[in-house]
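Each remark here refers to the structure printed beneath this line.
Because the structure is predicted, anything quoted here is derived from the model rather than measured.
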Amino acid sequence: MDKITGDEEGNVNDISELKQAESLEKFDEQVTAAEEELRQQMEELILTTLYKELRQSEDELKRQFNVITMNNELIALSEERYKTLVNNSHDVIFCCDLKGAFTTINKKFCEAVDLPKESIIGKTINDIQDDLGYIQKWNEAFTKVITDGNANSFTYRYERNLGSRIIGYYDVTLSPLFDLRKKIIGVIGTNRDITTTIENENKIKHMTYYDGITDLPSRVLFLERLDNAIELSKKKSNHVIIIILNIDNFKTINNTLGYAMGDILLVETAARLLKCIKGKDTVSRLNGDEYGLLLENVEHEDDIVNLLKRIGKIFDEPFRVKDESISLTASIGVSIYPDDGDTNEELLNNAATAMLVAKKFGKNRLEFFNFKMKHEFLKTSNIERLLRKAINNNEFILYYQPQYTITGKLRGFEALIRWNSPEMGLLNPMEFIPIAEETGLIIQIGKWVLNTAILACKKYNDKHGCDFIMSLNISPLQFRQKGFGEFVIKAIKSSGLKPRSLELEITESSFINNYDSVAKELKNLRDFGVRIALDDFGTGYSSLSYLKKLPIDLLKIDKSFIQEIDFSNPHNDLTESIIALVNKLNIKTIAEGVETLEQLNFLTNAKCDYVQGYYFGKPSAEELMDDIIKKAVKK
C-alpha cells in the first residue's frame with residue numbers, strides 16, 4: 001500500500017472534519033426544522049384548544065346571558081302579573097313601613113277610601129280614615145304584628161254613602177313582612193269583603209230563629225226565651241205561662257183548599273195572636289199548625305185568664321181568604337212554671353200534652369196540665385211503642401165469646417182480640433184498640449185477626465161437622481182501606497171457609513162521611529156470601545134510613561140498652577120498638593151484654609133473634625172452644 005504523506009493526511013482530516021461539519025449542519029437544520037414543525041404544531045394545538053375553550057366560554061356566556069335575560073323577562077312578567085292581580089283583586093291590598101306609612105296600595109284600596117294613590121302613599125291609617133273604631137282596631141293589630149311577628153285579624157263593619165247608604169263587612173288581616181335576614185321591615189295587609197258571607201250567615205241565623213211563613217220566632221228561639229224567662233222567674237219568684245195552640249182539622253184545610261190557602265191562614269192566625277200579647281211576651285210558630293205563647297213575669301191569675309179570653313175570641317170571627325170565609329177552632333194546652341216543670345223542654349212538652357188531651361176530648365177546648373194527665377199520656381205512648389213491637393213478635397191472641405139463638409142453640413162465636421204483652425201482661429181491647437186506631441196500626445192488627453178467626457172457624461166447623469158463624473169487628477179505618485173487600489174474599493178462598501160462616505161487624509162511623517163507597521163495598525161482600533152486621537146501633541148517629549139502604553143481615557143492640565132493661569123502666573119500650581122495626585125490615589137482631597135471666601126473658605118476649613153475654617159464657621181462649629161446642633151439640 002502506498003504511504004500517505006503528511007499533507008495528504010492533513011487534507012483527509014480536513015475533508016473528514018468538513019464532512020462532519022456538514023453532517024452536523026444538516027442535523028442542526030433537521031433539528032431546527034423539526035423544532036419549527038413541533039413549534040408550529042404546538043402553536044396550532046394551543047390555538048385550537050384556546051379557541052375551543054374560548055368558544056365554549058363564549059357559548060356558556062351567551063347561554064347564561066339568555067337565561068338571565070329570560071329570567072329578567074319572567075321576573076318582569078311576574079311583577080306585571082302580580083301588579084295586575086293585585087290591582088284587579090276584589091280585596092284591598094297594601095304594604096306599609098314600620099311606622100305605619102303606606103308604601104304600596106292597589107286600586108281597590110283607593111276605591112275603598114275614595115282617595116287617589118298620591119293622597120295615600122306615605123300617609124298612615126289615622127290620616128285617611130274617619131272611623132275611630134276602625135282606626136283603634138287597625139293600630140292595635142299593627143302593633144301586635146310588628147311586636148310579635150305573627151299575623152293578626154279582625155272583622156270591621158263599614159258604612160259608605162255612594163249615592164245610597166251601603167253597609168258591609170271586611171275581614172282585615174295584617175301580616176309581618178321580612179327581609180332575607182328574617183328581620184321585620186314592614187307590614188302587608190288585606191281587607192277581604194265578607195259582606196255576602198255575613199249576610200248569608202244572618203239569613204241562616206234568621207231561618208233558625210224565625211219561621212219562614214209567619215216570621216214569628218221559631219221553636220229554637222222560643223225555647224231560648226223560655227229558658228231566660230225561667231231564670232228571671234227564679235230571681236223574682238213569679239210565674240211563667242206556656243200556651244200551646246193547635247188549629248183543629250188544619251190538615252183537611254190544606255188538602256181541600258191547598259197549601260197556599262193554608263199558609264195565608266197561618267199568617268192571619270199569627271197576626272191575630274200577636275194582638276193578644278203585651279210587652280216582652282212571645283208568640284211563636286213551633287211547627288205546622290201549632291203555635292206557642294210565652295208569658296213572662298206573671299204575678300196575677302187574672303193575667304192568664306184575660307189572655308186566654310183574648311185568644312178564644314180570635315177564632316170567633318171567620319177568616320177571609322180570597323173571598324172564602326173559613327171558620328177555625330183551636331185546641332189549647334197550658335203549663336205553668338214552676339208548678340208544672342223545671343226546664344223549658346219539660347214545660348213545653350207538658351203544655352203540648354194538655355193540648356193533645358184537649359184534642360182527645362173533642363177539640364175546640366182548653367186544658368191545663370196536670371201530672372195525672374202526663375201519666376196517662378206516657379202510658380199511651382208506651383202502649384203505642386209496645387204495639388209496634390207486638391205486631392212483629394206475634395203477641396196477640398183471640399178469645400171467643402159464644403153467641404146463641406134466643407132458644408139456646410149455639411149460633412157461633414165473636415172473635416175478640418187480647419194482647420199478651422211481656423211488659424204489661426194481658427190487656428183487653430179497650431186499653432189498646434183506640435191507640436191502634438189513632439196510629440193506624442189497626443190495619444195490620446185487623447188483617448191478623450181476620451186471617452186467624454177465619455182459620456179457627458174452618459177448623460172447628462170441619463172438626464164438629466157444623467156451620468158455626470165467626471163474627472168479628474172491623475175498624476172504620478180498616479174498612480176504608482183500599483182493597484179491603486178483595487183481601488177478605490182472598491182470605492176466605494184461601495182457607496176454604498164457607499162465605500156465610502163469616503160475619504163482619506161494622507159501626508156507623510164507617511160510613512158517616514163516605515156512604516156510597518161503603519155501601520158498594522158491603523154489597524160486593526154480601527153478594528159473595530159474607531154476612532154484614534151493624535154494631536153499636538143506637539149509640540151514635542143512628543138513622544133508620546141506613547137500615548133501609550145498607551145491605552145488612554144483622555143489627556147488634558148495644559149492651560147499654562140491655563143493661564137498662566127493667567120492667568118498670570119506660571126505656572124498655574125503645575129497645576122493644578127497635579127490635580120490632582128491624583124485624584119488619586127482614587134484619588135479624590142480636591143483643592150483646594146479656595147478664596141476667598130477666599134480660600133474657602125480656603128479649604125473648606121482644607122477639608130478639610140472638611143473644612150473647614156473661615149469662616151464657618165469657619170470652620174464652622181457643623183451647624176451651626171444643627168443650628163449649630161439645631156441650632152445645634149434646635143439647
Side-chain angles (χ1 to χ4, degrees), residues 399-417 428-430 433 453 468-476 479 500 502-512 518-519 522 526 530-619:
Y399 274 38
Y400 300 91
Q401 186 172 34
Q403 296 177 338
Y404 295 89
T405 66
I406 199 68
T407 57
K409 182 181 178 181
L410 182 62
R411 174 183 187 257
F413 299 87
E414 180 180 3
L416 301 168
I417 191 171
N428 67 55
M430 292 304 296
I433 289 297
F468 294 124
I469 294 170
M470 182 61 71
S471 180
L472 56 128
N473 291 282
I474 301 298
S475 162
F479 188 83
R500 295 298 291 171
L502 179 64
E503 186 172 80
L504 301 181
E505 297 182 13
I506 64 168
T507 60
E508 294 166 88
S509 57
S510 298
F511 50 83
I512 288 298
V518 170
L522 290 177
R526 195 163 185 253
V530 176
R531 297 172 185 266
I532 306 298
L534 183 61
D535 195 12
D536 297 338
F537 184 80
T539 61
Y541 304 96
S542 303
S543 172
L544 294 176
S545 62
Y546 290 140
L547 302 181
K548 295 179 182 179
K549 297 177 183 179
L550 290 173
I552 297 171
D553 297 284
L554 183 74
L555 185 141
K556 201 165 192 178
I557 301 173
D558 189 71
K559 62 182 179 181
S560 61
F561 287 88
I562 309 305
Q563 290 170 351
E564 291 183 357
I565 288 177
D566 182 343
F567 287 104
S568 62
N569 190 340
H571 292 295
N572 292 344
D573 295 339
L574 176 60
T575 304
E576 190 173 5
S577 298
I578 291 173
I579 295 172
L581 178 61
V582 170
N583 285 338
K584 287 181 180 180
L585 295 174
N586 293 321
I587 298 173
K588 301 293 184 180
T589 55
I590 182 170
E592 63 178 346
V594 179
E595 297 180 356
T596 67
L597 178 60
E598 181 184 29
Q599 293 168 350
L600 176 60
N601 290 336
F602 174 85
L603 293 169
T604 302
N605 293 331
K607 297 183 180 180
C608 184
D609 298 291
Y610 309 110
V611 288
Q612 74 179 84
Y614 283 9
Y615 183 78
F616 303 96
K618 295 181 179 181

- [ ] I would like to know whether F479 and L504 meet side chain to side chain contact (heavy atoms under 4.5 Å, CB included); could you show each step before the answer?
- [x] CA-CA 10 Å; F479 188 83; L504 301 181; 5.6 Å; no

So [Y] and [X], do their side chains get closer than 4.5 Å, heavy atoms only?
{"X": "L416", "Y": "N473", "result": "yes"}
{"X": "L603", "Y": "I579", "result": "yes"}
{"X": "Q612", "Y": "F413", "result": "no"}
{"X": "Q401", "Y": "E592", "result": "no"}
{"X": "I552", "Y": "L522", "result": "no"}
{"X": "T596", "Y": "N601", "result": "no"}

Task: Taking every non-hydrogen atom, the tightest pair across P402 and G617 - done: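 Residues P402 and G617, closest heavy atoms: CD-O, 4.2 Å.
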
Task: Whether D553 side chain and I532 backbone form a donor-acceptor pair below 3.5 Å - done: yes

Open item on the list: Looking at T589, is its backbone amide N or carbonyl O close enough to the side chain of D609 to form a donor-acceptor pair, meaning the two atoms are under 3.5 Å apart?
Closed with: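 Yes; at least one donor-acceptor contact below 3.5 Å.
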
TODO: For R531, check salt bridge (charged side-chain N to carboxylate O under 4.0 Å, His left out) against everything at least two apart and list the hits.
DONE: none

Open item on the list: For F616, give me all partners under ring pair (Phe, Tyr, Trp, His ring centres under 6.0 Å), at least two apart in sequence or on another chain.
Closed with: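 Partners of F616 under the ring pair (Phe, Tyr, Trp, His ring centres under 6.0 Å) test: Y404.
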
- [ ] May I ask you to say whether E503 pairs ionically with R411, meaning some side-chain N is under 4.0 Å from a carboxylate O?
- [x] yes

- [ ] Please say which of D535, V582, I590 ends up in a side chain to side chain contact (heavy atoms under 4.5 Å, CB included) with L554.
- [x]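 Among D535, V582, I590, the one that satisfies the side chain to side chain contact (heavy atoms under 4.5 Å, CB included) with L554 is I590.
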
